[in-house]
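Before any comments, here is the structure.
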Amino acid sequence: MKEIINLPVQSIEEEEYHINMGPQHPSTHGVLRLVVTLQGEIVKKLQPHCGYIHRGIEKMCEKDTYQQIIHLTDRMDYLSAHINNHAVCLLVEGALEVEVPERVKYIRTILDELNRIASHQLWWSSFGMDLGGLTCFFYGLRDREHILDIFEESFGSRLLHSYYTPGGLMRDVHPNFQKRVKDFLKYNRKKIKDYDRILSGNVIFLERSKGVGVLSKELAINYGVTGPSGRGSGWACDIRKKHPYAMYDKVEFREVLRHEGDTYSRYMVRIDEMRESMNIIEQLIDNIPEGDFSAKMKPIIRLPEGEYYQCVESARGELGIYCISDGNKNPVRMKFRTPSFVNLGVLDKISREMKIADLVAIGASLDLVIPDIDR
Amino acid sequence: MGVRIKNMKYADFQDNETLELFEKTGGNVMLTTIDDVIDWGRSNSIWPLTFATSCCGIEMMATGASRHDFARFGIEVYRASPRQADVIVVAGTIVNKMAPVLKRLYDQMSDPKYVIAMGACAVSGGPFFYNTYHVIRGVDHVVPVDVYIPGCPPRPEALLYGVMQLQRKIKLETIAKERKTKDDGRRRTIKL
Amino acid sequence: MDSEKLTDKILEIVPEAQQEENKQFLTFLIPPDKLKTLTTHLKEEKELDFDYLFCLTGVDWGTELGVVYHLTSTSLNHSVELKVKTDNRETPEFDTVTDLWMTADFFEREVWDLFGIRFTGHPDLRRILLEEDWVGYPMRKDYTDEVNIVEL
């Protein structure tokens, strides 16, 4: 017994060791691998290894036409598929200087915001589940199904829509569209209150999220952390305000900002953003003008020679597309500046000196989508 | 009131009068084979592995959640460890870097084990078949597959149907013969 | 700062810079050895204050390899696009900007991975998406792989 007590305890505590999280780990939401250097329970260093779902979409784009590229962007950030489609459509329309009908702009904005709500609901579900609240998972996915029903009625798919085409939409929305969206808004307002009651004020949740993973504004700008994660640090980086597209310059909405920069503020930004998205939809849904659902476009699209950059605000942050065209029907280079890829870079910085259990909360609060990282 | 086989004591089986009374009142005996019992149990308690690489994983989550409710078909408890799982639902694209990991996960699962290839990417490479350098065209190059579910991504109903097909397959198994888990020689050369 | 003043300012720092006309952003082609000087000035000078690197792209123009930097200032709301090019396809090399913008860390690793462009001074230049033992740089135009690529 004595020998055991006399072991040099100090030296054991100071030793650093590595833990491998992933690529198959439930809390990484996909196939992200994190090699974590720990001292006891404290994270000393973190190395993300990505590429486990690198499909070479940028290489495929060089052989594809612009209509085909829209289908590939769906599969990058599958939770905000409409918004990704929107980015390519805006790029092509901007380069060809096509003016899309008003009706298209209205419908696109409404669908983008519905998609953002659906994405945040799924994020809320999995965030709750990561912190041990399984109820969140069932509540969030239950409400998300109502949005998917609206999508399904109009264009027949639940997750990957490819509904936007350069110049407009693939077909017109279903006649029930307005009624169902209004019903959903009424339903969802009540449900978001439920979200607050279940998680936002929960003592255990507050303990685990307040003051955890603090990201300052300067650091957020330097690392390029955009989207709700950046706005949680007080950086006004909303593309919908900075470079408005579609109907965003005509509707009134608040850019949700919080200044604490911790996991809790990133969480609250997303919850408030769901409310703002509903406000935007409410302003538009009654005023959708009649008209064509698509502008006249040539079947083969050739962008004029030059370089184009188009950014949109996806559910995760700034999605930028940089395209170089030589006048042919395929682009020379198509670069996707995906928000998750950039946001992942900061994970090492903000999770240092935190407990390993907090790493799960921090990772979930950045809302990473792994195919969006790897493309 | 008749005689129930449940209430009969051991001695009653050697007593003719009781047996006659038992026959008259229509008592019955259920016969089965060990195979049927085992297959029934196995097919209705399939535990899947929490494994999803991309979009199809979201549909798999939706299937497990409120509306579609996986648990009605006995495929319920998502296990995070492959050693506790019976079936691996390969939901999403498998790329060259992921293939060795998938193979290891499959090897770590204990027998009997099953594989469901969910979605076009896992079936054949799907939208990423042409002009790409890092995608494995079909998960059957890496592990043997029991059920293929087409779609991009498949609807939750399609996944439920696929699971039911797997249950049918399990119900035909026998413990007398060893289960075949060999691939059918369709391997092509891939750089791993 | 409006674009004329910005042009003058940049030409003052790097007189060799060539401005490209009719672009979405103010675009300059920079000689590779002047990249470090220019980016440091753009970041550090108070009246320029380019604090946000929002996109870093590796490009293969067929004969030349290069990198495109998109910079913007969150306080002053002006943007600029910088390009560097090299003919050297064997060992292309540029200076890193990781010390100025930490975003560049992952972006530069990606460019090294897919285009094989080295960044001198990068703290941890490893492949980020592909395996460590991958041969070749797949995003280059002359990349061929008979096993993995099925041409349409």
Side-chain angles (χ1 to χ4, degrees), chain A residues 47-56 58-64 68 94-95 217-226 230 235-237 239 242-243 304-311 317-318 320-324 326 332-337 341-346 348-349 373-375, chain C residues 20-25 27 43 49-62 66 68-70 72-75 77 79 81 83 98-107 109-111 113-115 124 126-132 134 137-141 143 145 148-149 151-152:
Chain A
Q47 271 190 336
H49 289 244
C50 28
Y52 287 92
I53 183 80
H54 174 62
R55 299 178 283 201
E58 285 175 6
K59 182 84 175 172
M60 288 174 76
C61 287
E62 292 173 8
K63 295 273 173 68
D64 285 349
Q68 287 172 323
K217 186 183 168 186
E218 288 69 40
L219 216 56
I221 295 174
N222 202 342
Y223 274 91
V225 181
T226 48
W235 177 24
C237 56
I239 305 292
K242 265 167 60 185
H243 309 288
E305 200 177 328
E307 289 132 30
Y308 309 95
Y309 184 84
Q310 177 67 49
C311 52
E318 177 183 345
I321 301 184
Y322 178 65
C323 173
I324 302 179
D326 61 349
V332 173
R333 171 89 170 103
M334 199 89 170
K335 155 91 182 173
F336 297 101
R337 184 252 187 234
F341 180 73
V342 184
N343 292 3
L344 174 69
V346 85
D348 173 35
K349 187 83 184 169
I373 296 173
D374 294 343
R375 283 153 288 150
Chain C
E20 295 184 8
E21 300 292 330
N22 297 327
K23 301 281 177 187
Q24 191 177 353
F25 299 100
T27 310
K43 172 83 195 298
D49 194 30
F50 283 94
D51 52 356
Y52 175 32
L53 171 78
F54 62 96
C55 194
L56 193 158
T57 316
V59 185
D60 184 0
W61 277 281
V68 182
Y69 301 83
H70 286 86
T72 191
S73 163
T74 53
S75 52
N77 285 329
S79 311
E81 182 181 323
K83 285 182 188 172
T98 323
D99 45 346
L100 301 169
W101 300 281
M102 285 306 290
T103 332
D105 181 7
F106 271 30
F107 277 138
R109 275 177 70 188
E110 189 200 339
V111 174
D113 193 354
L114 303 178
F115 288 92
D124 184 22
R126 287 178 290 120
R127 281 186 184 268
I128 186 169
L129 295 172
L130 304 171
E131 297 94 328
E132 286 290 320
W134 189 274
Y137 306 104
M139 283 295 288
R140 287 194 183 186
K141 295 282 178 197
Y143 178 79
D145 186 344
N148 282 308
I149 295 182
E151 294 266 352
L152 185 64

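Proteins get letters first, then strands, A, B, ... in listed order; numbering begins at 1 in each. Heavy-atom basis, side chains included; hydrogens, waters and symmetry copies ignored.
- In this structure, the portion of A:E62 lying under 4.5 Å from any heavy atom of chain C is its side chain and not its backbone.
- Counting heavy atoms from C-beta outward, C:Y137 and C:D60 have side chains that stay 4.5 Å or more apart.
- Nearest heavy-atom pair, A:F336 versus A:E58, reported as atom, atom and distance to 0.1 Å: N-OE2, 3.3 Å.
- For C:L56, the part lying under 4.5 angstrom from a heavy atom of chain A is the backbone only.
- No part of C:R127 comes within reach of chain A, as not one of its non-hydrogen atoms sits under 4.5 angstrom from that chain.
- In this structure, the side chains of C:L114 and A:H54 come closer than 4.5 Å at one or more pairs of heavy atoms.
- Neither the backbone nor the side chain of A:I53 comes within contact range of chain C, judged by heavy atoms closer than 4.5 Å.
- The ring of C:W101 has its center no closer than 6.0 angstrom to the ring center of C:Y69.
- For A:V342, the part lying under 4.5 angstrom from a heavy atom of chain C is the side chain only.
- Looking at C:L130, only its side chain comes within 4.5 Å of chain A, counting heavy atoms on both sides.
- Side-chain contact between A:R55 and A:D374 is absent, with no heavy-atom pair separated by less than 4.5 Å.
- For C:F107, the parts lying under 4.5 angstrom from a heavy atom of chain A are both the backbone and the side chain.
- For the set C:L129, C:L53, C:V59, the entry with the most heavy-atom pairs within less than 4.5 Å of chain A is C:L129.
- With a threshold of 4.5 angstrom between heavy atoms, A:K63 approaches chain C through side-chain atoms but not through N, CA, C or O.
- With a 4.5 Å cut-off on non-hydrogen atoms, C:D113 does not touch chain A at all.
- Side chain of C:K141 to main chain of A:V332: a donor-acceptor pair is present (N/O by atom type, distance under 3.5 Å, no hydrogens or angles).
- Heavy atoms of A:E318 lying under 4.5 Å from chain C belong exclusively to its side chain.
- Proximity of C:V68 to A:Y309: side-chain heavy atoms (C-beta onward) are nowhere separated by under 4.5 Å.
- With a threshold of 4.5 angstrom between heavy atoms, A:Y322 approaches chain C through side-chain atoms but not through N, CA, C or O.
- Side-chain atoms of A:K335 and C:H70, non-hydrogen and from C-beta on, never get closer than 4.5 Å to each other.
- In this structure, the side chain of C:K43 engages the main chain of C:L100 through a donor-acceptor pair within 3.5 Å.
- Contacts of C:D105 with chain A are absent, with no heavy-atom separation under 4.5 Å from either backbone or side chain.
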